[in-house]
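Quick note: numbers below take in every heavy atom, side chains included, and nothing from hydrogens, waters or symmetry partners. Throughout, a chain's letter reflects where its sequence line sits, starting with A, and its residues are numbered from 1.
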There are 2 protein chains.
Amino acid sequence: MRKTGDLKLIQELNQSIILDIIRKSGPISRSDIAKKTKLSPTTVASAVNDLINDGMVMDGEAGQSSGGRRPILVNFVPDSKYIIGVSITNTNIMIANLNLDAEVKEKKQFPIELYGQNDLVDFTAATIESYIQGLSDIENCIGISIIVPGIVDAVRGLIRFNSKLQLHDVKLRDIIQEKTGIKTWLDNDANAIALAEKQFGDYRDRDNIIYIQLGEGVGSGIVLNNNLFRGRNGGAGEFGHISINRSGTKCDCGNLGCLENYVSWPAIYSKVLTAITRGKRTMIMELANHDVRKIDQRIFFSALQENDPLAKSIADETASYFATGLVTLVHLFNPEIILIGWDTLYGNTEFVSFIREEVKKYTFDLFTDDLEIELTTLGEDYQLMGAAAIALQDIFDFSI
Amino acid sequence: MRKTGDLKLIQELNQSIILDIIRKSGPISRSDIAKKTKLSPTTVASAVNDLINDGMVMDGEAGQSSGGRRPILVNFVPDSKYIIGVSITNTNIMIANLNLDAEVKEKKQFPIELYGQNDLVDFTAATIESYIQGLSDIENCIGISIIVPGIVDAVRGLIRFNSKLQLHDVKLRDIIQEKTGIKTWLDNDANAIALAEKQFGDYRDRDNIIYIQLGEGVGSGIVLNNNLFRGRNGGAGEFGHISINRSGTKCDCGNLGCLENYVSWPAIYSKVLTAITRGKRTMIMELANHDVRKIDQRIFFSALQENDPLAKSIADETASYFATGLVTLVHLFNPEIILIGWDTLYGNTEFVSFIREEVKKYTFDLFTDDLEIELTTLGEDYQLMGAAAIALQDIFDFSI
DNA sequence: GAAAGTTAGTAAAGTCAGTGGAGAAAGTAA
DNA sequence: TTACTTTCTCCACTGACTTTACTAACTTTC
C-alpha cells in the first residue's frame with residue numbers, strides 16, 4: 001500500500017527540502033530559504049531550529065545587509081555525522097569514515113587473501129567489526145554502506161552473483177547489520193559511483209547520467225531523474241554483456257560477441273600478447289623489462305602516450321568497439337551525459353574526443369546534439385564516495 | 001524548486017490513493033478502504049464524499065455482512081468523465097471518446113491525404129475541432145490526448161522528428177490546446193501503448209514493463225516503476241536503432257546494422273522478393289495472385305501458418321535477429337516482462353516460444369529466471385487506449 | 001425472539017503543521 | 001535623528017487528520 005499523508009509527512013518533506021537547500025546552497029539565511037521554497041518564514045525558522053537541534057546545521061556568521069537587518073547565515077555541518085563506507089573489490093577491502101559531504105576522514109585497506117563464499121563474508125564482517133571497535137563516536141554513525149562488483153539486489157541486500165569472488169546469493173547486508181547492530185546498505189559498485197557522480201561530481205546538475213566503468217570488466221550505473229535505476233532485481237546496466245558482434249565468440253554470460261570481450265583490459269592484454277607473439281615490435285616490451293607477465297594497464301598507457309604504434313592501433317580499435325556499445329546505450333536511454341571511468345585512460349582527452357566523434361557519427365543527430373561524453377570527475381576515493389552516496393541518498397532523498 | 005508540503009497536499013495525496021483503490025479494487029466499503037490505507041474511517045468517509053460530489057465515484061449496493069452492519073459498497077464511475085483520444089499514424093488519424101477505464105465509446109477514422117508539416121497540423125486541428133463540435137457534454141471532457149509515431153518530447157509537447165510524415169519540431173500540443181481551449185497531451189505511440197499495458201493489460205501488476213512494437217519500424221516503450229521512461233528529451237527506447245551487426249549496412253539514423261533493418265516488415269518483404277527473384281518457389285506468390293505488389297503482412301502470415309518453407313525460414317531468421325536485440329535490452333534494463341505487439345504475428349505463440357528460447361540461450365541466467373516474454377494483451381483499440389493512458393496517468397498518478 | 005456482540009458509518013472534540021499579521025531586532029539612507 | 005528596509009519571532013488562526021463517543025444495522029446466542 002502506498003504511504004498516506006499526515007502532518008508528520010508535511011513536516012518531514014519540508015524539512016528535507018530545507019536541509020537540501022542548506023547543503024547545496026548554504027550558507028544561506030532563513031529568509032532566503034523562505035523565498036526559494038515559498039514556505040512561510042515561520043515554517044522555515046521552525047524547521048531550521050529542529051535541524052540545529054539535530055546538529056545537522058548551525059547558525060553561522062551574519063551576512064551582508066541589503067538595506068535592513070543583517071541575515072544570520074545557516075551552515076550545513078558535514079562533520080556532524082558520518083558513514084562507514086566499505087568497498088569490496090576483487091583484490092581488497094577498503095574501509096573508511098566519510099562525512100556528509102562524502103569526504104574521506106580515515107581510510108584503511110586490507111588485501112583479500114581468502115576465497116569462497118563463507119570466507120569472504122567472515123573476513124568482511126571481521127574487518128568491519130574490528131574497524132568499529134576503534135571508533136569512539138559511534139552514536140554519530142549513520143550506518144555502514146558496502147559496495148561490491150557483480151550483480152547486487154540492493155532492495156533485498158543480496159549479492160546475487162560475483163564470479164571472481166565466487167559469490168552466489170549472499171545476504172551480506174543482513175549479516176553485517178545483525179553482527180554490528182548498525183543500519184547497513186549494500187549495492188553494486190558502478191551503481192554507487194554513478195550516484196556519487198550525481199551527488200558530488202562536476203556534472204551533478206544533469207538529470208540523466210550514465211556512468212561507465214572500464215577495467216577488468218565493463219559495468220555501468222544508470223541515474224534517471226536523480227534516482228538509480230536498478231531493474232527488476234538489481235541487474236540493470238550490464239553494459240559489458242551487450243552483443244556488438246552477433247557472430248562473435250561465446251561469453252561466460254551465454255551471449256555472443258559481448259562488448260566486454262572487446263574493450264576490457266584482459267581483451268586488450270590478449271591483443272598485445274598476440275601481436276608480440278607474432279613478432280610485432282613495441283615499446284611495451286621494453287617498459288615491461290621484456291617480461292610479458294609484467295605488462296599492465298599502466299605500462300600500456302605509458303606506451304600509448306609515447307605514441308607506440310601497437311598501443312595506438314589497439315587503443316583506436318578498442319575505442320571504436322566501445323563507441324559501438326555507446327551508440328546502443330544512447331539510442332535506448334537518450335541520456336544527457338555519459339561519464340567514463342577507466343584508470344588506464346584517465347585524463348586521456350584524446351581517447352574521449354575520438355569516442356565522442358565516433359558516437360556522433362553513428363547516432364541519430366537528435367540524440368547527440370546536446371549529449372556530453374566526459375571523463376569521471378570524482379577523485380581517487382571514488383569507490384568510497386560511491387558507498388557514501390548510497391547511504392546519503394536514502395537519508396536525504398525524501399519520497400512518498 | 002521542489003514542491004513543498006501543506007494541508008492541501010495531504011488531502012490530495014490521500015484522495016488520490018483512495019480513488020486509486022476504488023478504481024482498482026472497487027466496489028469496496030469505506031471501512032475496507034480505511035483498513036487498507038490505515039487512514040481513519042473519518043478521513044476516508046470525507047474523501048469519499050468529496051469524490052462522490054465530483055461524480056467520480058458512487059455509493060452502490062450494500063455488501064455482505066460479516067457479523068455486523070452491512071457495508072455500503074462504493075463504485076468507481078468510469079463514465080463520469082471522458083478523454084478524447086487521437087492516434088495519428090503514417091496513414092490515418094483515429095479519434096475517439098474513451099471513458100476512465102479506457103473503453104472506446106465512439107470512434108472515427110480519417111485517411112491522411114496531405115503531406116508536409118503545416119498540412120498535417122492543420123488537418124489534425126480541423127479534424128479535432130470538428131469532432132468536438134459534435135460533442136454535447138464537453139464539460140465532462142478531461143482533455144485531448146494525441147499519440148504519434150516518431151520522436152516526441154512529451155514534456156515540451158513537441159514532435160521532434162517523424163520522417164514519414166515529414167515533421168520536424170512541431171509544437172502540436174500547444175497548437176491544439178490553443179485552438180480548442182482544452183487541456184492537451186502529446187506523446188509517442190509506443191510509449192503510450194506501453195503505459196496502457198501497465199494500466200489496463202493482463203500483466204499490469206509488473207513494475208518494469210518493456211513494450212515492443214514491430215511493424216513498419218521497430219519502437220519500444222519503457223515503463224519503470226510504474227512510470228514512463230522518456231530519456232532526456234523523449235528519445236529513449238529507439239530499440240530499432242541499436243546495432244546488431246557492426247559491419248552491417250548504414251541506416252538512415254547514421255548507425256550500422258540497425259535492428260530495424262533486419263526485423264521490420266520492409267526487411268522481411270525485401271527478403272521475400274529476393275528469394276522470389278532467385279526463383280524460389282513459395283505459396284506466398286499464389287496467395288498474392290502472382291503479383292509481388294500485393295504481398296503484405298497478412299499474406300506472409302498466412303503462408304507461415306500453412307508451413308510454407310520460405311516463410312518459415314525467413315520468420316526463423318527474423319526471430320533470431322530479434323532475439324539478439326532483446327538480449328541487449330534484457331542486459332541493460334533487467335525487466336520483468338517484455339510485451340510484443342506485431343500484427344503479423346499476433347497470436348502466433350510459436351514465434352514467441354522461439355524468441356523466448358533464443359533469449360534464454362544467450363542471456364545470463366539471473367536475468368531470465370523469472371523473465372516473461374509475451375504478446376500484447378490489449379485489444380484492437382490499443383492505440384486509442386494508449387492515448388487515454390497518457391492522460392489518465394497525469395490525472396490519477398499523484399506525485400510530489 | 002430478546003439480549004449481547006460485531007461491524008459500518010458519522011459527529012464532535014482534540015492535535016498539530018503551516019499561514020498570516022503584528023511586532024521586535026538590527027540594519028541602511030538621508 | 002528619522003524614516004525605511006530586511007530579518008526574524010511570537011501568537012492567534014486555519015484546516016486535515018485522529019481519537020473518542022455515538023448511532024445504525026446486522027449476526028449470534030441463549
Side-chain angles (χ1 to χ4, degrees), chain A residues 1-19 21-22 26-53 57-75 398 400, chain B residues 1-19 21-22 26-53 57-75 398 400:
Chain A
M1 201 50 248
R2 278 186 65 184
K3 193 170 155 188
T4 52
D6 56 10
L7 292 176
K8 206 82 203 153
L9 182 102
I10 302 181
Q11 200 176 35
E12 280 174 24
L13 170 63
N14 289 344
Q15 249 188 53
S16 112
I17 291 173
I18 290 170
L19 178 57
I21 290 178
I22 300 174
I28 186 171
S29 70
R30 287 166 176 77
S31 170
D32 281 349
I33 296 174
K35 277 170 201 153
K36 265 198 165 184
T37 56
K38 288 175 186 162
L39 287 166
S40 70
T42 324
T43 304
V44 173
S46 137
V48 168
N49 284 343
D50 286 355
L51 291 169
I52 288 176
N53 286 337
V57 307
M58 245 176 83
D59 269 338
E61 298 177 0
Q64 280 300 311
S65 162
S66 58
R69 173 174 172 176
R70 295 173 67 186
I72 305 165
L73 298 184
V74 181
N75 297 288
F398 185 91
I400 52 170
Chain B
M1 200 52 248
R2 277 186 64 185
K3 193 170 156 190
T4 52
D6 56 9
L7 292 176
K8 205 85 205 154
L9 183 102
I10 303 180
Q11 198 177 35
E12 279 175 24
L13 170 63
N14 289 343
Q15 248 188 53
S16 115
I17 292 173
I18 289 171
L19 177 57
I21 290 179
I22 299 174
I28 186 170
S29 70
R30 288 166 176 76
S31 168
D32 281 348
I33 296 173
K35 278 170 200 152
K36 267 198 167 184
T37 55
K38 289 175 185 161
L39 287 166
S40 71
T42 327
T43 304
V44 173
S46 138
V48 168
N49 284 343
D50 285 356
L51 290 169
I52 288 175
N53 286 336
V57 307
M58 245 177 81
D59 270 338
E61 299 178 359
Q64 280 301 310
S65 161
S66 58
R69 174 174 168 176
R70 294 173 67 186
I72 305 164
L73 299 184
V74 181
N75 296 287
F398 185 91
I400 53 171

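- The interatomic distance linking K8(B) (NZ) with dT19(C) (P) rounds to 14 Å, in whole Å.
- If D6(A) and G67(B) are placed on DNA chain D by their nearest nucleotide, the residue sitting closer to the 5' end is D6(A).
- Considering every non-hydrogen atom in both P71(B) and S29(B), the closest pair reads CB-CB, 3.4 Å.
- Atom NZ of K8(A) sits in a sparse spot, with 12 or fewer heavy atoms from other residues, nucleotides or ligands closer than 6.0 Å.
- Distances shown here put every side-chain N or O of R70(A) at or beyond 4.0 Å from the OP1 or OP2 atom of dT28(C).
- Distance check: I33(B) CD1 to I22(B) CD1 gives 4.0 Å after rounding to the nearest 0.5 Å.
- OP1 or OP2 of dT7(D) lies within a sub-4.0 Å distance of a side-chain N or O belonging to K35(A).
- In this structure, E61(B) atom CD and dA25(D) atom C1' are separated by 17 Å, rounded to whole Å.
- Across all strands shown, T43(B) has heavy atoms under 4.0 Å from base atoms, whether or not it also approaches the sugar-phosphate.
- In terms of modelled atom types and a separation under 3.5 Å, the side chain of N14(A) and the main chain of G5(B) share a donor-acceptor contact.
- One interatomic measurement links the two molecules: CG of L13(B) to P of dA16(D), which rounds to 14 Å at whole-angstrom precision.
- Between the CG atom of N49(B) and the P atom of dT10(C) there is a distance of 6 Å, rounded to whole Å.
- Distances were taken from every side-chain heavy atom of L39(B) (C-beta onward) to each of dG18(C), dG9(C), dT18(D); the shortest belongs to dT18(D).
- Side-chain N/O atoms of T42(B) and base N/O atoms of dG9(C) include no donor-acceptor pair closer than 3.5 Å.
- Closest heavy-atom contact between R30(A) and V44(A): O-CG1, 3.5 Å.
- Positionally, the nearest nucleotide of DNA chain C for I72(B) lies more toward the 5' end than for the other of I72(B) and K38(A).
- Not one N or O on the side chain of R70(B) forms a donor-acceptor pair closer than 3.5 Å with the backbone of Q64(B).
- Nucleic acid contact class of P41(A) (heavy atoms, under 4.0 Å, all strands): base.
- When heavy atoms are screened at a 4.0 angstrom cut-off, S65(A) is found touching the sugar-phosphate backbone but no base atom.
- Between Q15(B) atom CD and dC17(D) atom P there is a gap of 8 Å when expressed in whole angstrom units.
- If you measure from atom CG of L9(B) to atom P of dT14(D), you get 22 Å, rounded to the nearest angstrom.
- Residue R69(B) places no side-chain atom within donor-acceptor reach of the base of dT7(C), judged by atom type and a 3.5 Å distance cut-off alone.
- Looking at heavy-atom distances under 4.0 Å, L7(B) makes contact with a base.
- Computed from coordinates, the D50(A) CG to dG18(C) P distance equals 9 Å when rounded to whole Å.
- Regarding contacts with the backbone of dA16(D), every side-chain N or O of N14(B) stays at 4.0 angstrom or more from both OP1 and OP2.
- The nearest whole Å value for the distance from the CG atom in D32(A) to the C1' atom in dT7(D) is 10 Å.
- Across all strands, S29(B) comes closer than 4.0 Å only to sugar-phosphate atoms, never to a base (heavy-atom distances).
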